[in-house]
There are 2 protein chains.
Amino acid sequence: MPGLLGEYDLRVTARARAASLRPAVTLADVAREAGVDQSTVSRVLRDDHRARATDETRARIRETADRLGYVPNASARSLAVRKTSTIGLLIPNVSGVIYADVIKGAADAASALGYVLVVADGSELGRANDAVRKLVLEGRVDGLLLASGTLTDQVTDDLLGSTGNVVVLNRQIAGKVPQVIEDDEYGMYLGTRELVDAGHRRIACLAGPPDVDTSRRRVKGYKRAMREAGLTVTAGLVVHHDFDEASGYAGMLALLGQQPQPTAVAAASLAAAVGAMAAARDQGIVIPDDLSMVAFHDAPLANYLCPPLTTIAMPLEELGRQAMQMLHRRLVGEPGPAAVTVSDPSPIVVRRRSVGPPPG
Amino acid sequence: MPGLLGEYDLRVTARARAASLRPAVTLADVAREAGVDQSTVSRVLRDDHRARATDETRARIRETADRLGYVPNASARSLAVRKTSTIGLLIPNVSGVIYADVIKGAADAASALGYVLVVADGSELGRANDAVRKLVLEGRVDGLLLASGTLTDQVTDDLLGSTGNVVVLNRQIAGKVPQVIEDDEYGMYLGTRELVDAGHRRIACLAGPPDVDTSRRRVKGYKRAMREAGLTVTAGLVVHHDFDEASGYAGMLALLGQQPQPTAVAAASLAAAVGAMAAARDQGIVIPDDLSMVAFHDAPLANYLCPPLTTIAMPLEELGRQAMQMLHRRLVGEPGPAAVTVSDPSPIVVRRRSVGPPPG
DNA sequence: CTGTTAGCGCCTTCAG
DNA sequence: CTGAAGGCGCTAACAG
């Protein structure tokens, strides 16, 4: 076995580079060595259709390139063709369990379309700002996928203008910013319905920050389910916090402080739900006996919680894939819709053991 | 407030770009507009020391550049100076909770040193291979940080040769590959000692894959603690699985199937520990009453588990930072050590509620 | 202090 | 079918 990662050509090339610290082998080198012109080499190596060079010539060129360990230089090519064939994915917190799927979807699509995908961490505003400037404006990438569910409207709004090389993931934004969204409203509707179907009437919503679009849409879905069931959402039943464990913990405490206590809660994020479960536990409340819970978004982790958490799984991978495809379309000038909502697969609730009938 | 993300200049530039789909404004444009030569513009905009241009000239150039919304083109610059000032970070699974810290450390150091950091997902071998080729070999990045704790020795070995632009994070590799490692052995030693200090004698180890270096070092630490305590590690006491929840679950089941059952387990990864806790629960075993547990690596999640998990926190952020610094040193040709182990902060056990005295 | 002159490595007409 | 020539946008000597 020739090594899992390194295929043959890769290793050879690396060695060639390492051995001689020279500026790497260039097109001219190959041309000289093969006794042809640079442009010819360029053409055959790129399979340029107008280069039906003699089979003999092509073979010789290919062989020489291989032997010398030629690898095209991305900067030079980019400069010449005015594009980099790399696209960036900006994510608020790269290590959020939720993002694994969108990264995978985007990466798959990217590689299928001939791009290389790089992801940038946008957890801090400063860093996000920097990333955008360094990546898009300076032309390190041809386009940007913005998965900043947590940035406020103001931000993206300012940033985007009507640039055609950015597509926004799962944020509904006024104006003509290209965007692909999922039906968060429906997802949360489904999750909440799971709770009303189990017989709950006093159902709370553990929401995200009030000014974040995704949070708003999820709350909307929650409210629709409540309304449809003839349930009223009284003040205090929806509490706004952040999308992390600590916030979920605090939010749950707030919810539990009310009279009468809710018998079920729909959490707008998985991390918050984890925190919420811990809070409940600390208050001596057992799930699902005393309290039922569903969380928005699914991940392996949910299956190992105590108890295993019923979640609503969103088509995150498809989101990433379609965003990438839309970006590509725009980059090559195909028109296409300015916004699509991914509905296949549609949101689905993954039933585990965190919801039961209301107590008593 | 002018928008959180978009500072003024950023927005203006974006607008200028978007408005006119022209090839963006170039150095020549600015020069013409300002009535000076291109090279002069280049110099003042870069603060070239040899360009103590008239204050008046400098001001005019700056103003013109701003007004036109000039942004240097990264490809052109890279081609000219033969470096990109961007470096890549290759991670097996970008969304692992554990990696947040190393990304942060690396990103901080990168930006302090004037680099932009991009991370690439190396979860699949194919993708990792591709990333290396596209990023390093084609010169999209000046160097690579390899945080592929899960790739086998063979891989990295083949890949690296003695190239100077790669540094490996936390893998001990023979040969002269630049590397920064943490003291996983000591960390695991500490975690295991926590267990022996609590009075346990039959302590199991939930290890990672046997051929992965980090796993081996952790097992070594576990064994040392056992030996020092005069405890023998009998067959079956260390079980090898993977670093994820499902593996942890399976591994725990295997451990629990033994006679006599271990009274404590040291897990080599946080994710595996999560799975293991679930397995214990499913078997009616309560932690810490019936079984104690510690896990390698810390993350917010650990605090919200049931019960909150005692972990051993490693200096992950520092690992990322130092790796980046070492890479930089190598890139600029400073000698420096070929391998450093980060020992500050040193591993520390974060005591929560998952360890108690042995039952009975 | 500032302008001139060459490239960096590759692609792309345009001739031959 | 292939070679010659020019240019992508920027930097870096070298003159003036």
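Note on naming: letters A, B, ... go to the chains in the order of the sequence lines (proteins, then strands), and numbering restarts at 1 for each one. The structure displayed is predicted, hence computed values, not measured ones.
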Return the value, rounded to whole Å, for the distance between atom CD of Q38(B) and atom C1' of dA13(D). 15 Å
Over how many whole Å does the gap from L79(B) atom CG to dG9(D) atom P extend? 12 Å
Which whole-number value in Å describes the distance from D47(B) CG to dT11(D) P? 12 Å
To the nearest Å, give me how far apart CG (L45(B)) and P (dA12(D)) are. 14 Å
dT5(C) versus dG6(D) - spacing of their P atoms, nearest Å: 16 Å
Just the rounded figure in Å: distance from P of dT11(D) to CG of L27(B). 6 Å
Which of dC10(D), dG3(C), dC11(C) is nearest the side chain of D37(B)? It is dG3(C)
R321(A) vs E318(A), test: salt bridge (charged side-chain N to carboxylate O under 4.0 Å, His left out). Steps then yes/no. CA-CA 5 Å; R321(A) 181 189 326 287; E318(A) 195 54 28; 3.1 Å; yes
Starting at CG of N170(A), measure out to CG of L146(A) and round the result to the nearest 0.5 Å. 12.5 Å
Salt bridge (charged side-chain N to carboxylate O under 4.0 Å, His left out), that's the test. Do D108(B) and K104(B) meet it? Break it down for me. CA-CA 6 Å; D108(B) 283 349; K104(B) 180 166 191 334; 2.9 Å; yes
What's the closest nucleotide to the S39(A) side chain, out of dG3(D), dC10(D), dG9(C)? dG3(D)
Atom CZ of R46(A) to atom P of dT13(C): distance rounded to whole Å? 10 Å
Side-chain N or O of T26(B) less than 4.0 angstrom from OP1 or OP2 on dC8(D)? no
For the side chain of R43(A), starting at C-beta, report the closest nucleotide among dG9(D), dG3(D), dC10(D). dG3(D)
DNA chain C nearest-nucleotide lookup for A80(B) and V36(B): closer to the 5′ end is V36(B)
Would you tell me if any nitrogen or oxygen in the side chain of T57(B) comes within less than 4.0 Å of OP1 or OP2 on dT2(C)? yes
Under 3.5 Å side-chain donor-acceptor pair for R82(B) and S78(B): no
Is there a donor on the side chain of R82(B) or the base of dG7(C) sitting less than 3.5 Å from an acceptor on the other? no
Any idea which of dT2(C), dA12(D), dC10(C) is nearest the V81(B) side chain? dA12(D)
Between C1' of dC10(C) and CG of D29(A), the distance in whole Å: 13 Å
V167(B) vs L145(B) side-chain heavy atoms within contact, under 4.5 Å: yes
